[in-house]
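Worksheet for the structure shown next.
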There are 2 protein chains.
Amino acid sequence: MTLPHPTADQISLPNVLAVLGDQTRLAIIGYLALREGQPTMCMQFTDFGSKTNISYHLAKLREAGITRTEAVGTMRLITLRRDDLNARFPGLLDSIITAAVDLPMVQKIAEAQDEMLAVEQG
Amino acid sequence: MTLPHPTADQISLPNVLAVLGDQTRLAIIGYLALREGQPTMCMQFTDFGSKTNISYHLAKLREAGITRTEAVGTMRLITLRRDDLNARFPGLLDSIITAAVDLPMVQKIAEAQDEMLAVEQG
DNA sequence: TCCTTAGTTCAAATATTATTGAACTATTGA
DNA sequence: TCAATAGTTCAATAATATTTGAACTAAGGA
């Protein structure tokens with residue numbers, strides 16, 4: 001099952017802005033940016049909303065060309081489409097991320113998860 | 001009559017993105033950017049929608065801190081809050097404007113108005 | 001003063017989005 | 001094979017946003 005993604009030139013500015021103009025989705029982007037490099041799956045976003053709600057928001061992000069979703073076994077790995085967005089709208093994603101990582105929602109959840117990780121690892 | 005504007009630190013990223021995630025408002029911003037320096041009043045936006053509709057969209061832009069609206073006689077002069085936005089979210093507005101001025105809606109209307117101007121001036 | 005221009009405000013109608021829960025698929029591990 | 005996990009889809013609901021027209025204000029000019 002390969003999920004549909006727009007090509008870089010199909011990414012539209014009004015759509016990108018509309019999709020990112022939502023607390024939850026902006027928080028998801030901030031979180032992804034903080035964890036960039038580490039594969040991130042849907043489950044990790046459940047602090048931002050219910051499973052079905054996160055599925056909805058991640059679909060919006062994917063359809064807008066902001067994230068890429070790869071199916072790996074039963075899970076999905078979510079990554080930012082940094083290169084494509086930067087090619088299309090230079091500087092846009094960077095400026096948004098800079099502000100998004102400071103959102104209270106993102107900070108709180110990233111910290112909580114770091115603590116859990118520390119406890120797990122002793 | 002002085003219209004209410006948020007201070008720079010009251011400008012919120014989710015709100016700015018949500019407000020700009022609309023065809024009409026993005027076109028208004030693109031148009032303002034093209035005409036920057038020249039005072040721009042509401043009437044000039046009537047190509048983008050009805051008078052009452054433009055009033056609604058301009059209020060949204062003002063309340064989000066994206067534009068400044070000054071009452072001068074019976075008209076309103078609209079300007080971009082470039083400095084405030086750039087201080088708050090460096091690079092964001094520039095990257096949006098770069099793409100917004102190329103929107104078909106903006107191009108079409110700016111060209112039509114330039115032609116009218118040329119005819120008027122002989 | 002009266003008319004026109006420029007724009008706002010309100011309420012109603014529409015349209016679009018977000019949220020929820022139940023039922024579903026697909027993969028993995030025991 | 002059976003059960004659990006990870007996530008999607010659907011339909012219904014709730015919440016927001018947009019659009020429209022009619023009525024309004026406020027300033028300027030004849």
ask   = Going by heavy atoms closer than 4.0 Å, what residues in residues 11-32 of chain B are next to DNA chain C?
value =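 By residue number: none to list.
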
request  = Using a cut-off of strictly less than 4.0 Å between a heavy atom of the residue and any atom of DNA chain C, enumerate the qualifying residues of residues 51-69 of chain A by number.
outcome  =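 Output list: T52(A), N53(A), Y56(A), H57(A), K60(A).
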
query = What residues, two or more places apart in sequence or in another chain, satisfy salt bridge (charged side-chain N to carboxylate O under 4.0 Å, His left out) together with E63(B)?
reply = none

query = Contacts to DNA chain D from residues 40-48 of chain A, heavy-atom cutoff under 4.0 Å, which residues?
reply =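 By residue number: M41(A), C42(A), M43(A).
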
Heavy-atom check, side chain of [X] versus side chain of [Y], under 4.5 Å:
{"X": "R76(B)", "Y": "L3(B)", "answer": "yes"}
{"X": "D22(B)", "Y": "L17(A)", "answer": "no"}
{"X": "I28(B)", "Y": "T67(B)", "answer": "no"}
{"X": "T24(A)", "Y": "F45(A)", "answer": "no"}
{"X": "F89(A)", "Y": "I11(A)", "answer": "yes"}

query = Has the side chain of R62(B) got a donor or acceptor atom that lies under 3.5 Å from a matching backbone atom of P4(B)?
reply = yes

query = Are the side chain of E115(A) and the backbone N or O of A112(A) linked by a donor-acceptor pair below 3.5 Å?
reply =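 Judged by distance alone, no pair lies under 3.5 Å.
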
message = Does D83(A), at its CG atom, have more than 12 non-hydrogen atoms belonging to other residues, nucleotides or ligands within less than 6.0 Å?
response = no

key: Residue Q44(A) excluded, over 12 heavy atoms near CD under 6.0 Å   = yes

query = 5'-most contact on DNA chain C: G49(A) or M75(B), nearest heavy atom basis?
reply = M75(B)

task = To the nearest Å, give me how far apart CD (E70(A)) and P (dA6(D)) are.
result =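 Rounded to the whole Å, the gap is 18 Å.
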
inquiry  = Between C1' on dA6(C) and CG on L3(B), what's the gap in Å once rounded to a whole number?
reply    = 13 Å

key: Salt-bridge criterion met for R68(B) and D84(B) (N-O under 4.0 Å)   = yes

request  = Could you go through the side-chain contact (heavy atoms from CB on, under 4.5 Å) check for L92(B) and L13(B) one step at a time?
outcome  = CA-CA 10 Å; L92(B) 180 68; L13(B) 180 65; 3.9 Å; yes

note = Expected string for nucleotides 11-16 of chain D under the B/S/- scheme (protein heavy atoms, under 4.0 Å, primed atoms plus P, OP1, OP2 as sugar-phosphate) is ------

key: salt bridge (charged side-chain N to carboxylate O under 4.0 Å, His left out): pairs with one or both residues in residues 85-109 of chain B, sequence neighbours excluded   = R82(B)-D94(B)

